[in-house]
Amino acid sequence: MEPELASDLFESLGLEALLPEALAAWRPLLVEGLAFFLDRLPPARLGPIVAEQFALAATAPAAARIAALLAHCPTLHKLGQVVARQPALDAELRRHLQALESLPASTDIDALLAHVRAELGHDRRLRLADRALAEGSVAVVLPFSWRQDGRSHDGVLKALKPGVVQRLAEELAILPALGDFLERRGAALALPALDYHSHLAAAGRLLTQEIRLEHEQANLRAAAGVLADDTDVFVPALLPWSTPTLTAMERIDGPKLSDAALPAAEARRLGRALVGGLLARPFWSCSETAPFHGDLHGGNLLLAADGRVAVIDWSLTARLTKAEREALVEVALAALALDTRRAATALAGLGLQDARGTPIAATVDRALDTLVRSGRPLGFDWLVGLLDALALQGASGFGAQLAVFRKSWLALAGVLADLGAGGDTDLPLIGLGLQRFATEWPARLLTAADSRAFSTHVSTADLLRVAADAWPAGLRYWTRLLAPSR
């Protein structure tokens with residue numbers, strides 16, 4: 001990209017709005033990193049991006065320009081969807097980014113229909129629509145219908161956008177060099193030394209999953225099993241026309257949950273139900289690989305006609321092992337006891353390692369101090385905030401699954417905030433954990449004291465230690481509260 005052209009383009013974008021004031025030091029790296037990424041796209045792709053920017057009205061707001069840019073690249077499109085519900089961002093920017101959650105279809109319908117017919121053959125039962133319903137970062141949705149038992153039924157076919165595999169491959173090929181660039185510039189800007197290579201490699205692996213539709217179909221089946229008896233949240237049924245390049249499922253005729261005109265009390269109730277179904281159920285289970293939805297932006301939560309919430313697009317999931325969930329609970333128990341050393345040890349059990357110059361224990365200690373002075377109860381909001389603080393300090397060892405779990409929690413918290421249900425996101429998660437705990441006592445009497453073979457991921461010995469920690473924790477609490485601020 002020519003320097004003068006790049007300067008004009010980025011000045012018009014107003015990229016500094018993407019990061020809140022608390023992260024102002026990172027703004028130069030964001031701008032330069034995006035310029036590096038775009039400059040390495042094939043000219044045939046970069047030309048239309050630049051042309052569209054200069055074709056927009058001179059009065060077009062920066063937020064609209066940013067959203068238009070992100071829509072051209074699957075990797076950047078996904079980034080826009082991820083941050084679209086973050087309350088720290090400018091409200092106008094969030095509104096434009098939320099449009100990326102489900103765009104009007106622009107894919108060539110003839111090419112799409114040709115692909116579908118070639119994949120499915122001439123099944124006389126099917127009637128394909130003559131226009132697509134919507135599209136996202138990598139796929140387009142085509143409605144269809146079929147007749148069965150004398151009735152017409154509606155479904156949708158999810159197909160990859162023509163050319164998206166090649167575009168994604170082009171973008172992923174840039175990531176190793178981008179990691180080198182971010183490390184050099186981050187050091188020059190005196191920013192914490194993050195492990196950019198590992199984070200970008202993990203992001204590349206996750207994006208690759210998005211184009212493996214047979215992988216998504218397996219996730220849909222697993223998630224449907226987890227939510228089978230949930231009365232408020234469900235997974236649309238898979239239909240028999242699914243193939244490795246097409247996902248066929250029942251059609252949900254309803255708005256995005258965030259766009260539905262719901263009474264405040266009902267919006268809060270459904271918000272709590274989402275936390276219960278999508279986070280609490282898989283977390284408080286004995287399953288070795290219970291699935292967490294990894295892409296919980298607003299476009300993937302639809303309000304069905306019967307008042308339930310349909311959760312679509314399971315191409316990206318996190319599957320925390322039971323051992324990882326046990327370690328997270330151990331971090332929470334250590335935090336409850338205000339025991340910095342024990343919490344740091346539990347985090348090491350998750351694979352996290354000290355940042356260069358900032359030990360994990362120091363970050364944990366600051367987080368515990370903030371918890372005490374805030375007066376708020378311990379919850380998953382605090383735990384995920386601790387993981388984010390460690391990531392920003394440059395702690396290494398964040399596995400892809402843990403990273404997706406963090407992303408899932410933060411994205412859902414943003415949706416709940418838009419619904420007016422953001423103040424009690426921890427309650428359904430803790431509530432279900434207490435219910436599971438209450439049912440475990442008979443089994444505990446017959447199980448070794450150090451066994452964590454329970455859905456709550458704590459042993460009887462852990463519980464005895466919690467009781468023993470009560471008085472020392474109280475003393476630590478008052479010592480921290482009365483000490484000068486750090």
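A quick note: this is a predicted structure, and the numbers were derived from the prediction, not measured.
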**Asked** Step by step, would you call T456 with V329 a side-chain contact (heavy atoms from CB on, under 4.5 Å)?
**Response** CA-CA 8 Å; T456 53; V329 172; over 6 Å; no
**Message:** Using a strict threshold of under 4.0 Å (side-chain N to carboxylate O), is an ion pair present between E266 and R268?
**Reply:** no
**Complete:** Here the gap from L350 atom CG to E326 atom CD, rounded to the nearest 0.5 Å, amounts to 11.0 Å
**Request:** Check whether any side-chain N or O of T439 sits under 3.5 Å from a backbone N or O of R436 as a donor-acceptor pair, and report yes or no.
**Result:** yes
**Message:** Between K158 and D313, does any NZ, NE, NH1 or NH2 come within less than 4.0 Å of an OD or OE carboxylate oxygen?
**Reply:** yes
**Item:** Check: L239 main-chain N/O paired with E250 side-chain donor or acceptor under 3.5 Å
**Value:** no
**Message:** For a quick check under 3.5 Å, do W409 and D381 share a side-chain donor-acceptor pair by atom type?
**Reply:** yes
**Fill in**
The reported gap from CD in Q217 to NE2 in H215 (rounded to nearest 0.5 angstrom) is 11.0 Å
**Item:** Lys/Arg-Asp/Glu bridge criterion (N-O < 4.0 Å) met for R341, D365
**Value:** no
**Message:** Any carboxylate oxygen within less than 4.0 angstrom of a Lys/Arg side-chain nitrogen, looking at D232 and R269?
**Reply:** yes
**Item:** Chi angles and distances behind the side-chain contact (heavy atoms from CB on, under 4.5 Å) call for R476, T340
**Value:** CA-CA 11 Å; R476 293 185 194 113; T340 298; over 6 Å; no
**Prompt:** Would you say the side-chain atoms of H293 pair up with the backbone N or O of I312, donor to acceptor, closer than 3.5 Å?
**Reply:** yes
**Request:** Answer yes or no: is there an ion pair linking R465 with E330, defined by an N-O contact shorter than 4.0 Å?
**Result:** yes
**Fill in**
Taking every heavy atom of L157 against every heavy atom of A248, the minimum-distance pair comes out as CD2-CB, 3.6 Å
**Item:** Steps toward side-chain contact (heavy atoms from CB on, under 4.5 Å) verdict (W284, L429)
**Value:** CA-CA 9 Å; W284 303 119; L429 191 61; 3.9 Å; yes
**Asked** Quick one: does R480's side chain have a donor or acceptor within less than 3.5 Å of a partner on V372's backbone?
**Response** no
**Item:** CA sep, side-chain torsions, deciding dist, call: L302, V309, side-chain contact (heavy atoms from CB on, under 4.5 Å)
**Value:** CA-CA 6 Å; L302 305 179; V309 179; over 6 Å; no
**Complete:** Looking only at heavy atoms, the pair that brings L303 and A260 closest together is CD2-CB, 3.6 Å
**Request:** Tell me yes or no: between the side chains of E171 and T75, is some donor less than 3.5 Å from an acceptor?
**Result:** yes
**Message:** Against the six-membered ring of F454, is R444 placed for a cation-pi contact (under 6.0 Å from the centre, within 45° of the normal)?
**Reply:** yes
**Complete:** Rounded to the nearest 0.5 angstrom, the CG-CG distance for L338 and L368 is 6.0 Å
**Request:** In plain terms, say whether D149 and R151 are close enough for a salt bridge, that is, a side-chain N and a carboxylate O under 4.0 Å apart.
**Result:** no
**Item:** Centroid separation F144 to W241 less than 6.0 Å
**Value:** yes
**Request:** Say whether, by atom type as modelled, one donor and one acceptor occur between the side chain of T447 and the main chain of A443 under 3.5 angstrom.
**Result:** yes
**Request:** I would like to know whether S145 and R251 meet side chain to side chain donor-acceptor pair (under 3.5 Å); could you show each step before the answer?
**Result:** CA-CA 9 Å; S145 62; R251 179 173 180 175; over 6 Å; no
**Under 3.5 Å side-chain donor-acceptor pair for Q209 and S315** = no
**Prompt:** Do the non-hydrogen side-chain atoms of L178 and Y196 ever get within less than 4.5 Å of each other?
**Reply:** no
**Prompt:** In Å, rounded to the nearest 0.5 Å, how long is the span from CG of L316 to CG of N219?
**Reply:** 8.5 Å
**Asked** Atom OG1 of T460 and atom CG of L445: how far apart are they, to the nearest 0.5 Å?
**Response** 8.0 Å
**Request:** Run the salt-bridge test on R342 and D469 with the 4.0 Å N-O cut-off and return the result as yes or no.
**Result:** yes
**Request:** Measure centre to centre between the rings of F283 and F380, then say whether the value is under 6.0 Å.
**Result:** yes
**Message:** Using a 3.5 Å distance criterion without hydrogens, assess whether the side chain of R221 forms a donor-acceptor pair with backbone atoms of L238.
**Reply:** no
**Asked** When rounded to the nearest 0.5 angstrom, what is the spacing between NZ in K322 and OG in S285?
**Response** 8.5 Å
